[in-house]
Amino acid sequence: MKKTVIITGGTTGIGKATAILFAKNGYNVIVTSRNANKEAEVLKDFEKNGASVTFFSLDVTNEEQVKTVIEKTVEKFGKLDSIVNNSGISLGNALLADTESDELKQMLETNVMGVYYGMKHAIKAMLKTGGGTIVNLASIAGLNGLVSTAQYNASKHAVVGLTKGAALDYATQGIRVNAVAPGAIKTDILKNAIASGTYDVSGIEALHPMKRLGEVEDIAKGIYFLASDENQFMTGTVLSIDGGYNAK
Ligand code: NAI
């Protein structure tokens, strides 16, 4: 039986590269996006990349919608084997006292509650069908402080906490829970951080010992490894894919 994976926010950036990799490895792939009107465009784009996917619209800050997407997936494909909680936002890079309180609330809603809802309802489904795997998107900002990034730091540290705690909760029940911690990767999120004027590309590159940014495919490969049968004995791990950043 083909395996099935949900990738939240899987229509852009890291999520899109991850969806293509899973599809090429024979998975049923569900990508989600907040914008229901994008379905035709998204499916066409994946086809161009040689990948066939299913599209569900989903705002990860809405628990009911998360639950429904997981139920619809199990209904359509019989089982949910993996979920990649990839949706995330990064707002307002500034020194902490100069940040807007509402930006932290929004990041907690998406980056923390969104991941929590995805984990919670996926685990409920997986427990009924013999297990599965979860991969969450943490960040170098989930393992270390970054200047002018304290709010995002807080949200990604929480992702690490959810990952480790849940890994222990389900370690004997066939559910492996891991995270990846990417360094700076060329996607829209990074463009926004640069647009805020806090960082520029060469400054970000210089933060990484390999002196360059990462590619979305670098992260997709790590996510695929953690989620697939290639990994049998890793749970509660935060895999750094960061050009050496976390070795400093
Ligand atoms: P991206 O902006 O292309 O992807 C984020 C996706 O999340 C988008 O498709 C966006 O529409 C979706 N999203 C945002 N809010 C949502 C909501 N409420 N409901 C559903 N979907 C929502 O950027 P990227 O880089 O691909 O980000 C993917 C993940 O990787 C994020 O969690 C990000 O924090 C994380 N990350 C990215 C790094 C980078 O340098 N690009 C570094 C470390 C972590």
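Residue numbers start at 1 and run along the sequence shown. In each ligand, atom 1 is the first atom listed, and ligand 1 is the first ligand listed.
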So is I140 polar-close to ligand 1, meaning N/O to N/O under 3.5 Å? no

Number the atoms of ligand 1 from 1 as they appear, then name those within less than 4.0 Å of a heavy atom of P182, with their elements. 42 (C), 43 (C), 44 (C)

OG1-CD1 distance between T4 and I30, expressed to the nearest 0.5 angstrom: 5.5 Å

Under 4.0 Å, heavy atoms only, figure out whether ligand 1 is touched by the backbone of T32, its side chain, both or neither. neither

Please indicate whether any nitrogen or oxygen in D59 is less than 3.5 Å from any nitrogen or oxygen in ligand 1. yes

Any N/O pair T11/ligand 1 closer than 3.5 Å: no

Heavy-atom nearest neighbour in the protein, as seen from atom 19 (N) of ligand 1, with distance rounded to 0.1 Å: V60 N, 2.9 Å

I'd like to know if K105 pairs up with D102 as an ion pair, taking the criterion as any Lys NZ or Arg NE/NH1/NH2 lying under 4.0 Å from an Asp or Glu carboxylate oxygen. no

Can you tell me which residue and heavy atom of the protein come closest to atom 38 (C) of ligand 1, and the distance to 0.1 Å? G183 O, 4.1 Å

Could you list which atoms of ligand 1 come closer than 4.0 Å to a heavy atom of L58? 19 (N), 20 (C)

Examine distances only and state if a side-chain atom of K79 and a backbone atom of A125 form a donor-acceptor pair shorter than 3.5 Å. no

Does N25 reach the main-chain N or O of L21 with its side chain, forming a donor-acceptor pair under 3.5 Å? yes

Nearest-neighbour protein heavy atom for atom 4 (O) of ligand 1, which is reported as residue plus atom name and distance: T12 OG1, 3.4 Å

Is there a donor-acceptor pair closer than 3.5 Å between any side-chain N or O of S57 and the backbone N or O of N35? no

Short side-chain to backbone donor-acceptor contact, D59 and R34, under 3.5 Å: no

Rounded distance (nearest 0.5 Å) linking atom OH of Y27 with atom OH of Y224: 5.0 Å

Nearest protein heavy atom with distance in Å, relative to atom 34 (O) of ligand 1: Y152 OH, 2.6 Å

Could you list which atoms of ligand 1 come closer than 4.0 Å to a heavy atom of G13? 3 (O), 26 (O)

Does K186 reach ligand 1, in the sense of a heavy atom lying below 4.0 Å from it? no

Quick check: does I185 get an N/O under 3.5 Å from an N/O on ligand 1? yes

Within less than 4.0 angstrom of ligand 1, does N86 place any heavy atom? yes

Check each of L137, V31, I189 against atom 33 (C) of ligand 1 and report the one with the nearest heavy atom. I189

Considering non-hydrogen atoms of the protein only, which is the closest contact for atom 41 (N) of ligand 1, and what is the distance? T187 OG1, 2.9 Å

Measure the distance from atom 44 (C) of ligand 1 to every protein heavy atom, then report the residue, atom name and distance (to 0.1 Å) of the closest one. A138 O, 3.2 Å

When you measure from the side chain of N178 to the backbone of G236, do you find a donor-acceptor pair of N or O atoms at a distance under 3.5 Å? yes

Do me a favour and list the nearest non-hydrogen protein atom to atom 5 (C) of ligand 1 with residue, atom name and distance? G88 O, 3.6 Å

With the threshold set at under 4.0 angstrom, would you say G114 reaches ligand 1 through any of its heavy atoms? no

Is the backbone of G88 close enough, under 3.5 Å, to the side chain of N111 for a donor and an acceptor to pair up by distance? no

Check each heavy atom of K156 against ligand 1 and say whether those closer than 4.0 Å belong to the side chain, the backbone, both or neither. side chain

Is A181 near ligand 1, meaning one of its heavy atoms is under 4.0 Å from it? no

Would you say the side-chain atoms of N49 pair up with the backbone N or O of F46, donor to acceptor, closer than 3.5 Å? no

Are the side chain of T149 and the backbone of V147 linked by a donor-acceptor contact shorter than 3.5 Å? yes

Checking heavy-atom distances from atom 22 (C) of ligand 1 to each of G118, S87, G10, the winner is S87

Does NZ or CZ of K221 fall inside the cone over F225's six-membered ring, less than 6.0 Å from its centre and within 45° of the axis? no

Please report whether ligand 1 has a polar contact with I14, defined as an N or O pair separated by less than 3.5 Å (distance criterion only). yes

Below 4.0 angstrom from a heavy atom of I89, which ligand 1 atoms are there? Numbered from 1 as shown, please. 14 (C), 15 (N)

Looking only at protein heavy atoms, which one is nearest to atom 14 (C) of ligand 1, and how far off is it? R34 NH2, 3.3 Å

Closest to atom 43 (C) of ligand 1 (judged by heavy-atom distance), picking from A141, G214, S139: S139

Pairwise distance CE(M107) to OG1(T99) - rounded to 0.5 angstrom: 8.0 Å

pair E41-D45: side-chain heavy atoms closer than 4.5 Å: no

At a 4.0 Å threshold, what atoms of ligand 1 neighbour a non-hydrogen atom of A184? 40 (O)

Joint cluster assignment, V115 & Y170, ILVMFWY side-chain distance < 4.5 Å: yes

Quick check for you: to the nearest 0.5 Å, what is the distance between I140 atom CD1 and D242 atom CG? 6.5 Å

